[in-house]
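Given the structure is predicted, the values throughout are model-derived calculations rather than measurements.
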Amino acid sequence: MEDFSKIGVERYRASSYVQKNDVLMFFTFLWGVGRAVFYLLTGCFSYILDIFTNKRETSFLGRVALVTGAGNGFGRALAIQLAAEGAHIAVVDIDEEAAEETAAAVRSLNVKSFAYKVDVSDCEQVEKLHKDVIKDLGVVDILINNAGILPLMSFREGTPADVERIIKVNLLSHFWTTRVFLPDMINQKRGHIVGISSGFGIYPGGRSVAYTASKYGVRGFMNSLSEELLYDDRDFIKTTTIFPGPIATRQDVTDIYQKLNLCDKLLCMTPRYAALLAVRGIKNGTEVMSMPTGLVYFFTFLSLLPRFIRGKLVFGYIDGKVAQIHPNHC
């Protein structure tokens with residue numbers, strides 16, 4: 001591991017790498033392409049064979065699931081839906097009263113549940129959470145990183161502390177929770193890590209630059225984590241990245257959607273319906289999913305279009321320019 005304390009202190013040392021000649025580089029490239037094609041074909045064959053020889057859906061009965069940001073909205077709906085599938089739930093939220101309400105609703109479904117007041121952006125609090133959950137419920141089988149802040153502010157709004165808070169809660173929390181709960185999954189050779197990104201993690205949302213950056217970060221974190229588990233022969237630990245479209249959670253956010261006439265056009269979902277789709281995807285071992293289905297493909301296609309055409313398409317669909325949310329501040 002690199003010693004970051006030496007960066008900017010030690011004298012720069014230039015690389016001694018010697019470039020290969022053009023002919024050798026060309027044949028090395030061809031060999032690499034041939035190997036890539038071979039592994040692509042064998043991988044596709046193995047995947048198709050796996051579909052026909054294995055039951056894809058798993059059971060959550062008796063498993064322990066931890067959901068961050070489970071005090072309200074989508075997080076609460078996820079906790080309740082997982083409990084309906086027979087999982088015991090660790091309810092994590094910075095709002096203790098809301099977390100207790102969710103835990104009570106979960107226990108009414110005849111499973112165990114404990115509420116934990118935790119700021120998941122604080123690594124020390126997450127480490128303590130790990131110890132408490134192990135004591136109360138046992139090893140976590142399903143980790144759902146759902147906690148997030150959806151700020152109603154444009155790029156030039158907010159203090160430096162506001163921007164830092166968004167990045168810490170929406171992105172850095174994934175590092176802390178995964179770091180402390182992953183070793184247990186490795187030891188028991190079983191586990192599932194779920195990262196809740198956003199439609200803005202596929203296609204950027206103007207008027208929400210900090211939020212969009214954090215959700216693109218979640219996307220990169222989950223993709224890279226999945227690859228690292230594969231490199232380390234630990235692909236028995238599943239990963240799922242979820243890109244939800246608009247969910248009717250907070251009233252002030254829904255008011256903005258309605259003000260911009262976006263609720264119907266962007267297929268705004270209820271938390272319960274979104275949780276139903278998400279848990280179904282997790283059970284089936286889906287690696288990447290969007291809600292509604294197909295959103296990820298549409299946004300990916302949209303991002304490939306030239307900026308001028310993309311702008312005409314987006315603004316035409318939403319009936320003109322997206323107004324400033326707080327025009328007096330920008």
Asker: Only one of Arg63, His192, Arg190 forms a side-chain hydrogen bond (donor to acceptor under 3.5 Å, both in side chains) with Asp141, so which one is it?
Answerer: Arg190

Asker: To the nearest 0.5 Å, how far apart are CG in Leu225 and CG in Asn223?
Answerer: 9.5 Å

Asker: Evaluate Leu229 against Leu182 for side-chain contact (heavy atoms from CB on, under 4.5 Å), listing each step before the verdict.
Answerer: CA-CA 10 Å; Leu229 291 170; Leu182 179 59; 4.3 Å; yes

Asker: Within this structure, what is the CG-CG distance for the pair Leu66 and Leu129, rounded to the nearest 0.5 Å?
Answerer: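 Answer rounded to 0.5 Å: 5.5 Å.
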
Asker: Are Ile80 and Ile196 linked, directly or through intermediate hydrophobic residues, by side-chain heavy-atom contacts shorter than 4.5 Å (ILVMFWY only)?
Answerer: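 Yes; tracing contacts between hydrophobic side chains, which count when under 4.5 Å, links both residues.
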
Asker: Testing Asp136, Asp93, Asp132 one by one against Tyr116 for a side-chain hydrogen bond (donor to acceptor under 3.5 Å, both in side chains), which residue passes?
Answerer: Asp136

Asker: Determine whether more than 12 heavy atoms belonging to other residues, nucleotides or ligands lie under 6.0 Å from atom OH of Tyr273.
Answerer: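 At most 12 heavy atoms, drawn from other residues, nucleotides or ligands, come within 6.0 Å of this atom.
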
Asker: Is Glu96 reaching over with its side chain to a backbone N or O of Lys117, donor-acceptor style, under 3.5 angstrom?
Answerer: no

Asker: Nearest 0.5 angstrom please: Glu228 CD to Thr239 OG1, how far?
Answerer: 12.0 Å

Asker: Once you round to the nearest 0.5 Å, how far does CD1 of Ile282 lie from CE of Met289?
Answerer: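 Those atoms lie 7.5 Å apart.
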
Asker: Test your reading of the model: is there a side-chain donor-acceptor pair from Asp232 to the backbone of Arg234, 3.5 Å cut-off?
Answerer: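 No, because the side chain of Asp232 does not come within donor-acceptor range (under 3.5 Å) of the backbone of Arg234.
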
Asker: Any donor-acceptor pair under 3.5 Å linking the side chain of Thr159 with the backbone of Asp162?
Answerer: yes

